[in-house]
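Counting convention: from 1, in listed order, for ligands and their atoms alike.
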Amino acid sequence: MKVLVAVKRVIDYNVKIRVKPDHTDVDLTNVKMAMNPFCEIAVEEAVRLKEKGVATEVVAVTIGPKAAQEQLRTALALGADLAIHVETDEKVESLAVAKLLAKVVEQEQPGLVILGKQAIDTDNNQTGQMLAALVGLPQGTFASELKADNDKLQVTREIDGGLQTVELTLPAIVTTDLRLNEPRYAKLPDIMKAKKKPMAVTTPAELGVAVTSQVKVLKVEPPAERQGGIKVGSVDELIEKLKNETKVL
Ligand code: AMP
């Protein structure tokens with residue numbers, strides 16, 4: 001079974017986000033970029049399926065600028081066999097990403113597609129669901145455990161206050177939650193080997209998908225600065241402040 005994994009290039013999660021002075025967007029100048037953490041979990045799961053003999057090939061795909069090939073190389077170093085880069089400098093919204101992934105699914109015919117549950121930059125949490133609808137395949141979202149059994153896949157889903165297990169008939173779409181696995185680090189020899197692994201490059205135009213934006217960002221603002229705390233001298237002073245200053249009592 002071929003497993004297709006969608007990986008997105010995002011700002012590294014350790015970076016403190018800066019907003020552009022004109023509030024039109026986040027400032028990406030000289031900012032460290034990385035693979036979206038939920039996509040790392042997706043790659044790890046695909047590689048584990050290959051190690052268990054369930055998957056025969058792992059294909060990583062990204063949509064983004066030329067620099068996004070770095071994240072594809074990371075996926076190859078982690079164990080993917082082949083990478084597909086859909087190159088574009090446009091900001092591609094979820095629906096267009098899902099349409100492009102649908103074209104790749106049509107070409108590659110994977111038995112399973114694994115995506116992150118959300119990209120930590122735009123926090124959309126919708127690409128996997130849109131892809132499932134576009135290609136007409138069953139979906140198991142927020143997966144915390146996968147069990148493959150012939151043409152069936154059991155997906156344990158993290159839902160509010162508990163877990164739900166569903167059975168999907170393959171081919172299917174899965175999105176990863178945080179507890180699905182702990183991704184490995186790429187080893188130096190694997191990083192070297194990844195440089196020689198195949199990477200196909202295509203474009204949205206070649207795939208016949210328009211990526212024009214349908215959503216206009218009006219304003220981007222950083223979170224409000226936290227006010228410093230104070231120490232009160234007594235319980236009576238605390239109650240007085242809660243009643244008269246913050247008015248929470
Ligand atoms: P989102 O719906 O934008 O929160 O993203 C959910 C998941 O969709 C990500 O974790 C990726 O697996 C996939 N995805 C989103 N954008 C891209 C992209 N530009 N290239 C490849 N995969 C993407």
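Under a 4.0 angstrom heavy-atom cut-off, S94 registers as being in contact with ligand 1. Assignment of V92 to the shell around ligand 1 is not supported, since no heavy atom sits closer than 4.0 Å.
Atom 16 (N) of ligand 1 has its closest protein heavy atom at K8 CD, 3.3 Å. The single protein non-hydrogen atom nearest to atom 9 (C) of ligand 1 is C39 SG, 3.8 Å, given as residue, atom name and distance. Closest to atom 7 (C) of ligand 1 among all protein heavy atoms lies G116 O, 3.2 Å. Among protein heavy atoms, atom 20 (N) of ligand 1 sits closest to I63 N, 3.0 Å.
We find the CG-CE distance between L76 and M199 to be 5.5 Å, quoted to the nearest 0.5 Å. To the nearest 0.5 Å, atoms CG (L218) and NE2 (H23) are separated by 14.0 Å. Note that CG of L238 is 8.5 Å distant from OG1 of T246, once rounded to the nearest 0.5 Å.
Using a 4.0 Å cut-off to heavy atoms of N124, the atoms of ligand 1 that qualify are 1 (P), 2 (O), 3 (O), 4 (O). Near L115, meaning under 4.0 Å from any of its heavy atoms, are these atoms of ligand 1: 8 (O), 12 (O), 13 (C). Below 4.0 Å from some heavy atom of N125 lie the following atoms of ligand 1, by number and element: 1 (P), 2 (O), 4 (O). Atoms of ligand 1 found under 4.0 Å from any heavy atom of A119, numbered from 1 in the order shown, are 1 (P), 3 (O), 4 (O), 5 (O), 6 (C). Atom numbering of ligand 1 starts at 1 in the shown order; those under 4.0 Å from a heavy atom of V7 are 20 (N), 21 (C), 22 (N). Interface atoms of ligand 1 facing A6, defined by a heavy-atom separation under 4.0 Å, are 11 (C), 12 (O), 22 (N).
The side chain of N36, and not its backbone, has at least one atom closer than 4.0 Å to an atom of ligand 1 (non-hydrogen atoms only; side chain from C-beta on). Contact annotation: for V97 versus ligand 1, heavy atoms closer than 4.0 Å belong to the side chain alone.
For ligand 1, the polar-atom distance check finds an N/O of T127 within less than 3.5 Å of one of the ligand's N/O atoms.
Between the side chains of K152 and T169, at least one donor N or O sits under 3.5 Å from an acceptor N or O.
Remark: the backbone N or O of T29 is paired with a side-chain donor or acceptor of R18 at under 3.5 angstrom.
Of the options E45, E40, E51, a salt bridge (Lys or Arg N to Asp or Glu O under 4.0 Å) to R184 is made by E51 and by none of the others.
The salt bridge (Lys or Arg N to Asp or Glu O under 4.0 Å) search around K32 returns D12, not counting sequence neighbours.
Contact check on D25 versus K20 returns no salt bridge, with no Lys/Arg side-chain nitrogen under 4.0 Å from an Asp/Glu carboxylate oxygen.
Looking at K193 and D190, their side chains come closer than 4.5 Å, going by heavy atoms from C-beta outward.
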